[in-house]
Number of protein chains: 2
Amino acid sequence: MKDSPEDQIVNAILDAIAEQRLPAGTKLGEQALSDLFSCNRANVRRALASLAAQQVVELRPNRGAFVMTPSPKEARDIFQARRAIERTIARHASGQASAEDIAFLRDNILEEAEARKAGDKPAELRASRQFHMRIAQIAGNLVLERFLSELTMRSTLILGLYSPTGSSSCAEDEHDRIVDVLESGDTDELVRLADQHLRHLEAGLNFDEPPAAPMSLKEQLMVPRGTPSAG
Amino acid sequence: MKDSPEDQIVNAILDAIAEQRLPAGTKLGEQALSDLFSCNRANVRRALASLAAQQVVELRPNRGAFVMTPSPKEARDIFQARRAIERTIARHASGQASAEDIAFLRDNILEEAEARKAGDKPAELRASRQFHMRIAQIAGNLVLERFLSELTMRSTLILGLYSPTGSSSCAEDEHDRIVDVLESGDTDELVRLADQHLRHLEAGLNFDEPPAAPMSLKEQLMVPRGTPSAG
DNA sequence: TTATCAAATATTGTTAACAATAAATGACAA
DNA sequence: TTGTCATTTATTGTTAACAATATTTGATAA
């Protein structure tokens with residue numbers, strides 16, 4: 001069961017965004033992508049159309065496709081929507097987690113902590129996202145799961161833009177308590193924790209200074225003057 | 001400011017689905033669409049990719065694109081998600097409606113009632129959908145607005161499949177009360193009404209008998225035996 | 001009639017070439 | 001140097017032809 005070239009491209013880009021390897025504003029050239037995935041431009045274009053429909057990519061006519069750069073207003077909307085959806089997910093997941101689910105989540109928390117200690121940001125983000133998505137799976141509503149998938153993706157872009165360096169991602173002790181309460185079956189408390197967790201995440205954002213300018217691939221390679229590389 | 005051919009196709013198909021002119025399962029041939037919109041197949045294919053990303057169209061490899069046929073389980077997920085989202089919308093719209101908003105909604109209710117009396121199902125569905133979407137606009141969250149747009153679209157497909165003929169769409173007196181409470185600013189009551197309204201809509205569904213078989217364009221033109229056309 | 005199968009037809013998937021537009025380059029003048 | 005403009009280059013948008021795959025059609029046999 002192999003994926004179509006289009007799905008490959010979509011998934012690769014989504015993964016890269018989810019792990020903050022592709023920052024907001026990055027240009028996604030058609031040639032570059034068709035070379036990378038060794039397929040023709042028609043497939044690339046369809047993939048970009050899909051990503052644009054998911055609001056993860058912005059399509060500027062005659063100029064190309066760019067990783068979406070959420071505005072402060074969009075960021076607020078996204079976190080508000082996340083709270084609505086994750087609260088609902090929490091309500092329906094409560095008391096439904098199997099032993100494997102709990103084990104997975106506990107393991108996931110360790111994985112995230114290790115990645116953080118090791119300074120491996122992509123792994124940390126991947127683990128954190130997996131935590132939220134696993135609970136969505138437990139809730140068993142595919143529509144909410146897909147919506148949350150889109151929102152976590154865009155949240156990652158927001159963190160990359162508006163989060164004072166390092167302060168990003170989730171507080172791990174909050175994840176800890178969430179698993180405990182998820183296991184215990186206290187629905188109201190679980191909903192409360194989910195809401196609070198997202199509020200904390202949002203509170204860490206800083207919209208005062210404008211986001212760093214989008215870098216083209218070329219600019220990413222040129223080290224700016226006055227920024228010695230290592231010594 | 002003219003739309004790209006791709007957007008035209010996407011919007012035309014979405015409108016047709018929203019008004020139940022395109023029933024679930026309808027095949028969307030590439031040639032047919034490129035003829036209709038006088039553009040090339042590349043644009044059609046991108047449009048179909050967008051619609052597939054919105055879960056409104058199903059893409060079967062080597063077989064083509066079809067209007068999505070929601071299963072009973074999907075229908076449940078969709079209405080559950082709608083309740084979560086429309087409750088949140090209600091909470092944020094409460095007390096935020098301008099005089100024009102209220103006037104629009106009242107007018108919309110009349111329009112829907114007239115369409116129903118006249119037996120104009122498309123107009124009735126269009127009005128009903130507009131009612132929900134206008135309240136979403138009042139709430140002012142573009143993310144929730146877009147999610148609801150997708151869900152109302154898919155709800156229309158569900159009604160077409162599982163609603164005993166005629167019983168579909170919203171009870172108009174419920175819309176009436178919703179506008180009254182929206183105007184009054186009683187948030188909790190508005191949320192309650194929104195939830196109840198959607199539960200009533202869902203309660204009218206019947207999953208017992210399998211949905212009518214998807215019709216091809218050809219079959220739609222052949223009048224089945226024993227069904228005299230007019231007299 | 002009904003079932004089976006091969007040929008014919010239609011549809012989707014892929015590719016390459018070309019046109020239209022935007023971005024980058026470099027000459028020129030101030 | 002710095003700014004402006006024409007030229008060149010690169011990128012996106014469009015189109016048509018072809019290949020691969022389904023579907024339909026019609027003939028044949030039970």
Side-chain angles (χ1 to χ4, degrees), chain A residues 1-13 22 25-54 56-69 213-222 224-225, chain B residues 1-13 22 25-54 56-69 213-222 224-225:
Chain A
M1 190 149 150
K2 228 180 65 180
D3 271 355
S4 72
E6 185 194 323
D7 287 345
Q8 275 184 268
I9 300 174
V10 169
N11 290 328
I13 291 180
L22 270 182
T26 306
K27 164 141 194 184
L28 301 170
E30 297 182 2
Q31 187 86 285
L33 290 172
S34 64
D35 288 351
L36 266 170
F37 294 92
S38 44
C39 64
N40 49 38
R41 275 174 56 220
N43 286 315
V44 171
R45 279 174 138 247
R46 293 212 309 165
L48 292 173
S50 285
L51 291 166
Q54 296 174 54
V56 155
V57 151
E58 194 187 344
L59 244 42
R60 297 182 218 167
N62 286 322
R63 301 169 129 249
F66 300 81
V67 177
M68 179 78 84
T69 300
M215 281 192 286
S216 72
L217 191 55
K218 185 190 290 182
E219 286 166 325
Q220 286 179 334
L221 297 178
M222 311 274 212
R225 283 172 305 169
Chain B
M1 190 148 150
K2 228 180 66 180
D3 271 356
S4 72
E6 186 194 322
D7 287 345
Q8 275 184 265
I9 301 174
V10 169
N11 290 327
I13 291 179
L22 271 181
T26 306
K27 164 144 194 183
L28 302 169
E30 296 182 2
Q31 187 86 288
L33 290 172
S34 66
D35 287 351
L36 266 172
F37 294 91
S38 44
C39 65
N40 49 39
R41 275 175 54 220
N43 286 316
V44 171
R45 284 179 133 244
R46 292 211 311 165
L48 292 173
S50 285
L51 291 166
Q54 297 174 52
V56 155
V57 151
E58 194 187 343
L59 244 42
R60 299 183 216 166
N62 287 321
R63 300 170 127 245
F66 300 82
V67 177
M68 180 78 82
T69 300
M215 280 192 287
S216 72
L217 192 56
K218 184 190 292 181
E219 286 165 325
Q220 287 180 332
L221 297 179
M222 310 276 211
R225 283 172 305 170

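Treat the numbers as computed from the prediction; the structure is a model and nothing was measured. Per chain, numbering begins at 1; letters A, B, ... match sequence-line order.
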*Does any residue of residues 38-46 of chain A have a heavy atom under 4.0 Å from DNA chain C, and if so, which ones, in number order?*
A:Asn40, A:Ala42, A:Asn43
Protein-nucleotide distance ([X], atom [atom1]; [N], atom [atom2]), rounded to Å:
X       : N      : atom1 : atom2 : answer
A:Lys27 : C:dA24 : NZ    : C1'   : 12 Å
A:Asp35 : D:dT12 : CG    : P     : 12 Å
A:Leu33 : D:dT12 : CG    : P     : 9 Å
A:Ile9  : C:dG13 : CD1   : C1'   : 14 Å
A:Glu30 : C:dA20 : CD    : C1'   : 14 Å
A:Arg60 : D:dT11 : CZ    : P     : 16 Å
A:Gln31 : D:dT12 : CD    : P     : 8 Å
B:Glu6  : D:dT12 : CD    : P     : 15 Å

*Apply the side chain to side chain contact (heavy atoms under 4.5 Å, CB included) test between A:Leu28 and each candidate in A:Val44, A:Ile9, A:Leu48; give the one that qualifies.*
A:Leu48
*Option from B:Leu59, B:Val10, B:Val67 for which side chain to side chain contact (heavy atoms under 4.5 Å, CB included) with B:Leu51 holds*: B:Val10
*Provide the closest heavy-atom pair for B:Gly25 versus B:Phe66 in the form atom of the first, atom of the second, distance.*
O-CD2, 3.6 Å
*Which residues satisfy the side chain to side chain contact (heavy atoms under 4.5 Å, CB included) test with A:Ala49, sequence neighbours excluded?*
B:Glu6, B:Arg46, B:Ser50
_All salt bridge (charged side-chain N to carboxylate O under 4.0 Å, His left out) counterparts of A:Glu58, not counting sequence neighbours_ =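 By the salt bridge (charged side-chain N to carboxylate O under 4.0 Å, His left out) rule, A:Glu58 matches A:Arg60.
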*Once you round to the nearest 0.5 Å, how far does OG of A:Ser38 lie from CD of A:Gln8?*
8.0 Å
Write out a two-atom table: protein N or O, nucleotide N or O from nucleotides 21-23 of chain D, distance below 3.5 Å.
from	atom 1	to	atom 2	distance (Å)
D:dT23	OP1	B:Arg63	NH1	3.4
D:dT23	OP1	B:Arg63	NH2	3.1
D:dT23	OP2	B:Arg63	NH2	2.6

*What pairs with A:Arg63 under side-chain hydrogen bond (donor to acceptor under 3.5 Å, both in side chains), at least two apart in sequence or on another chain?*
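With sequence neighbours excluded, A:Arg63 shows a side-chain hydrogen bond (donor to acceptor under 3.5 Å, both in side chains) to no residue whatsoever.
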*With sequence neighbours excluded, tell me which residues meet side-chain hydrogen bond (donor to acceptor under 3.5 Å, both in side chains) with A:Asp35.*
none
*Say whether, by atom type as modelled, one donor and one acceptor occur between the side chain of A:Asn40 and the main chain of A:Asn43 under 3.5 angstrom.*
yes
